[in-house]
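The structure appears right after this line, and notes come after that.
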Amino acid sequence: MNHPDSVSVHATALVETDDIGPGTRIWAFVHIGSDAHVGRDCNVCDYVVVQSEVHVGNRVTLKERATIGTGAHIEDDVFVGPGVWMPNDRSPRSPRMLGVPEVTARYGSQENWLAASRICQGASIGTGVIIMPGLTIRPYAMVGAGALVTKDVTSHRLVVGNPARAIGWVCVCGMRLQPSEEDSWKCECGRRFHLTDEGGLAIRE
Amino acid sequence: MNHPDSVSVHATALVETDDIGPGTRIWAFVHIGSDAHVGRDCNVCDYVVVQSEVHVGNRVTLKERATIGTGAHIEDDVFVGPGVWMPNDRSPRSPRMLGVPEVTARYGSQENWLAASRICQGASIGTGVIIMPGLTIRPYAMVGAGALVTKDVTSHRLVVGNPARAIGWVCVCGMRLQPSEEDSWKCECGRRFHLTDEGGLAIRE
Amino acid sequence: MNHPDSVSVHATALVETDDIGPGTRIWAFVHIGSDAHVGRDCNVCDYVVVQSEVHVGNRVTLKERATIGTGAHIEDDVFVGPGVWMPNDRSPRSPRMLGVPEVTARYGSQENWLAASRICQGASIGTGVIIMPGLTIRPYAMVGAGALVTKDVTSHRLVVGNPARAIGWVCVCGMRLQPSEEDSWKCECGRRFHLTDEGGLAIRE
């Protein structure tokens, strides 16, 4: 593969795409598929899988054993914790995975059961989280360790549990927000937020 | 190892058994132990572990990082999702794992604490599921992502959660079943099912 | 690396420390970081990660894919099950992981968000368990498969669930304890226990 000089790829990593941005570091036993894009200044830790047709933005952290299924889209500055799963199959059955035409016919077209997910700018996904197919995690949301995400998560939301439910809000800096005046939240770091039309938060300038 | 020509084994995979059926594909960083059997036309994805004395049937999918513990039995057409665990130790303690005779004596014989599990024909196990030792997942059952399975699952049952509980029924094709007349269910795909004596469903001919 | 003759290291394992005790076996695709200490007669299974500045005692079992984050401390005779996670970051955000000084400034010092955990003598951690940062699992405690540990666990306690909660007590031998007289428990193996000031159990001599 032909990568910029500033890309470091561990000797044991398998990288099947040329499309890796400068400054990105790829560690041991990683497997990145063909047609995947990984942006600049990313940190791709041991045993990570990035399947084909995945987009990973800039300054993204993919911790150990994160597994990013075919078609997933990860925006800039996202933190994907160790052991996070992003499967893309709503109701898996075995033989169809083999691509046998009769079997595909039996189960219907892939459109019925394949759906990739998206993680938006600056969001954080905790250790061992599973994000079900076809969901969107909005900017700066935080998903607590061990959660099973079965619904979209709005911006700056903190969700935990199996299945995941909202328990609060988090700042860009990662700390919990406190309510201040009506429909308004603030962080110890000084940032202030207001409710958006989509039900998430946005920084109040 | 001596495999049929139609078996493909990635250069980084460790396969310690000859007993792999034709058409099976084994991907990167897989480790298959000695005395394991893997059937024909299986798909064994990155980082999968198949320990010794495991039986894997035909047309089985083992997704990334599935870990099949010693003695497990997986029938034909099963889908084992990414990160599924099938441990075989009911109450693990450390030193006995080292096989020191005095320690084994202290903890009693292996029969007290080792128990393998079985996944029957056509069942699907979702992402990150843990199947506790000594259980049976009956044909065409489906276990939702992130579940902890602590009891046997009857045929065509859909279970989810930690611990797993039944929330419905699924068809051979993977879709949810709807109740029709008494003790009878039907699928959009046209198949019809009746309750069996074992508390599961079977196709009504 | 320069290890005692009795240390066995699989050809595919990456071991960046000299500090491995005699009799320890390190299996396939393992990655042990620099400055880590691993004691004697340990069993380090496939794909395990031991990050830098980790202490692992003697006769410890680290099952497949266990991931021991920087700074963790594991005492003698501990069993760490397959797929256990010990992350060390309380509220992860992505760019700070890159060590850019302006970003570190923005998020505050590492002391605010880094905290390692400790697993004490003889404890057992079940399959797929996540131990949140900064916790202590006391001697001979047992954490059931699939649990998310969010609080310290006292000695001999059995905890399960997401989040983990206490459901009983376990013996050194791994079996459940039965209450006998007041503040006293006994095991089928003959051992007897009393309540300690810390709220755990200790063997009654």
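Note on naming: letters A, B, ... go to the chains in the order of the sequence lines (proteins, then strands), and numbering restarts at 1 for each one. The analysis underlying the following values was restricted to heavy atoms, covering all of them including side chains, and did not include hydrogens, waters or symmetry mates.
Using a 4.5 Å cut-off on side-chain heavy atoms (C-beta onward), A/W85 and B/R65 make contact.
Here the CD-NE2 distance, from B/E64 to A/H31, works out to 9.5 Å after rounding to the nearest 0.5 Å. Atom-to-atom distance recorded for B/T127:OG1 and A/M86:CE is 11.5 Å, nearest 0.5 angstrom. Atom CG of residue B/D46 and atom OG1 of residue A/T67 lie 9.0 Å apart, to the nearest 0.5 angstrom.
The closest donor-acceptor contact from the side chain of A/S91 to the backbone of B/M175 lies at 3.5 Å or more, if one exists at all. Checked by atom type and distance alone, the side chain of B/N162 never pairs as donor or acceptor with a backbone atom of A/N162 at under 3.5 Å. Side-chain atoms of B/Y47 come within 3.5 Å of backbone N or O of A/F29 as a donor-acceptor pair. Side-chain atoms of A/R93 come within 3.5 Å of backbone N or O of B/Y140 as a donor-acceptor pair.
Environment of CH2 in B/W185: crowded, with over 12 heavy atoms of neighbouring residues, nucleotides or ligands closer than 6.0 Å. The number of heavy-atom neighbours closer than 6.0 Å to CD of A/E16, taken from other residues, nucleotides and ligands shown, is above 12. Sparse packing is recorded around CZ of B/R165, with 12 or fewer heavy atoms of other residues, nucleotides or ligands lying under 6.0 Å away.
Using a 4.5 Å cut-off between heavy atoms, A/T150 makes no contact with chain B at all.
The minimum heavy-atom distance between B/A28 and A/L14, with the atom names listed, is CB-CD1, 3.5 Å.
Heavy-atom pairs under 4.5 Å with chain A were tallied for B/G128, B/G126, B/G83; the largest tally goes to B/G83.
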